[in-house]
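Beneath this line is the structure, given in structure tokens, with notes to follow.
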Amino acid sequence: MKKLTFSMSLVLIITLTGCTGKMNSDLNNNNIIPRPRSVTSTSDYFSLNKKVIILVPKQDELLKNIGRYLTQELAFFPGTEAMLRTTKSLFPKQTIELIIDSTGTIKDKEAYKLKIDKRKISLSASSAEGIFRGIQSLRQLIILNSREVGSGSLGIPTGEITDYPEFEYRGVMLDVARHFFGMEDIKRYIELVSLYKINVLHLHLSDDQGWRIEIKSWPKLTEVGSLTQVGGGKGGFYSQDEYNEIVKYAADRFITIIPEIDMPGHINAALASYPELNCDNKTTELYTGTRVGFSNLCTVNEITYKFIDDVIAELALMTPGPYIHIGGDESHATALKDYIPFINRVQDIIASHGKTMIGWDEISHAGLKSGSVVQYWGSEENAKRGIAKGAKLILSPASKCYLDMQYDSSSVMGLNWAGYIEVYTAYTWSPVDLFNGLSRENIIGIESPLWTETVETMDNIEYMVFPRLIGHAEIGWSDPEPPDWEEYKNRLGKHSILLDMLDIDFYRSPFVNWE
Ligand code: ACM
């Protein structure tokens, strides 16, 4: 079944819930996730179901785009007629004004201030990115807090929200190699996570089971290497045009795409496509199982580095963001004496194309350049070695962040090698407390990977991701210290309204008080 859009479902939900809700004139009870940093309430209402002007600066195309996006969201709100304007109305109307504040008082580019008065909402930030993050709070506020405020009118509570992120990097990773997911699914995933202020989508574009990105200089990678997936399904790949469309769709939501080509291991799909990447100069068979650690590039052949240079060159041209991820994990078929010079050389290739390397924590064995980032997933020792070499970390502890882990022993999908991760477990941890010797300045942020050995459809993705990702999003943005599960679980429970509205097939944990 085709999923309802946010706006289509808005009509249904507001009709169902808005008019029956308890009066809430207190902005402090706003239920926004991630929880905003500071909220003050002025105990009145901004009425919504009337004409609402969205006011944006005339010269600012980015803000006009965001204004259009908000107009579309509000257009379906019952009784609300939202209009985009670049000049103030002569007659006062309900207005939502988007403002770039260039006074220097809003320091972080994602920070925003949302001031809600009876007649006017002012959303200000130092950049369009901050405005976009603020709009996500406003979207949640409207859905979760609109209440009947007299004579059939719906309103949201007045007051002021000041908000900014703790971590600059708040990511999700999707493995499109074990199972391939098409354009519609990727766009939907981007749209869903944007509601929770996620700002990075890391795409795991290659593995033993499939190569998923067109590389024009090595066409067999997709002609051969993309043809299957775990379980023997037909696989697939993104053409460069499609990939550029994903990058643009994400950028419109201020989400950066980080492409990953996993090497020197997890590489069978490439080895099956080109014999010269194998030390014995023979192609391997395509692989549809789930074993790890058996494949490797021939690190001692020069052609391997020509291959990597060509692939990275094409990827770099499609990557506006600063990073390219080279995997580097579970390279059990490559001896450490070969692994270290290999990673060093790949790091140089990435730098020669103007990008910065990210790799899973095993890359800390190599000599890390300034700026290179280590993604901690399992080994404290690797992470500490990375820190000692001056690298910053992305935190993806498997026992907290791996969205492919089962919720409990009754889960039918997912794996459990890192343990079961109930919604409670995903929320109740603090980045700096993960291991001794880790401190705030070592961390650029957190990321929630979804490996897809057992995940085959968009519904499967939604079930594994939601609601655990919402807790990770709060840790990354608000850094609750310490996380208060009893408070959070009530706030999360209210989000079933939003999740249902977006037709998200989420896991209804029995430990959450769902609305
Ligand atoms: C990993 O889970 N192999 C990064």
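Numbering of ligands and ligand atoms starts at 1, following listing order. Owing to the predicted nature of the structure, the values given are computational and were not obtained by experimental measurement.
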Under 3.5 Å, sequence neighbours excluded: what are the donor-acceptor pairs made by side chains of residues 391-400?
| residue | atom | partner | partner atom | Å |
| --- | --- | --- | --- | --- |
| Lys392 | NZ | Glu441 | O | 2.7 |
| Ser396 | OG | Gln375 | NE2 | 2.9 |
| Ser396 | OG | Glu447 | O | 2.9 |

Carboxylate-amine/guanidinium contact Arg385 Glu380, below 4.0 Å: no
With sequence neighbours excluded, residues passing side chain to side chain contact (heavy atoms under 4.5 Å, CB included) with Thr454: Met413, Leu415
Lys355: partners by side chain to side chain contact (heavy atoms under 4.5 Å, CB included), with sequence neighbours left out: Ala316, Thr319, Ile324, Ile350
Residue that, paired with Tyr407, satisfies ring pair (Phe, Tyr, Trp, His ring centres under 6.0 Å) out of Phe511, Tyr507, Phe466: Tyr507
Salt-bridge contact Glu191-Arg139 (side-chain N to carboxylate O under 4.0 Å): yes
Set of residues that line ligand 1, where lining means a heavy atom lies under 4.0 Å from it: Asp329, Glu330, Trp360, Trp377, Tyr402, Trp451
